[in-house]
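Encoded as structure tokens, the structure appears first; notes follow it.
Please read all numbers here as calculations on a predicted model, not as lab measurements.
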Amino acid sequence: MGERGWQSGVARYADGELHWIPLLGVRLRPRHAIARRGLVVTARREVDGGLFAVDCSGSTRGISLAMSADAMTGFLAWLESAPPSAYLDVA
């Protein structure tokens with residue numbers, strides 16, 4: 001979690017990237033695109049009420065993504081399904 005705190009949003013997987021779209025706002029386009037290539041999961045922890053935080057670094061600056069257990073399973077599966085030539089590391 002950064003200095004500004006958590007921000008609610010929706011994520012979708014597209015073309016080797018995770019696109020994050022904030023829930024509050026008028027833009028329907030992603031605000032952030034996180035490339036799968038080079039993305040490293042450095043830690044996972046339970047935060048509150050069945051939510052988990054996944055700390056990532058690598059191709060982007062350090063970020064923390066909070067998600068449900070089901071969403072975390074999908075996220076980690078997406079990372080692991082990268083082509084064999086892609087560098088990845090899952091903690």
Atom of Glu17, atom of Ala35 and distance for their closest heavy-atom approach: CG-CA, 4.1 Å
Side chain proximity check, Leu18 to Arg36, heavy atoms < 4.5 angstrom: no
Could you pull out the closest heavy-atom pair between Arg44 and Met72, with the gap in Å? CD-SD, 3.9 Å
Shortest non-hydrogen pair, Ser68 vs Leu51, comes out as N-CD2, 3.9 Å
Once side-chain contact (heavy atoms from CB on, under 4.5 Å) is applied, do any residues pair with Ala69, and if so which ones, sequence neighbours excluded? Phe52
Is Leu65 close to Trp20 at the side-chain level, that is, under 4.5 Å between some pair of heavy atoms? no
Would you say the side chain of Cys56 lies within less than 4.5 Å of the side chain of Phe75, judging by non-hydrogen atoms? yes
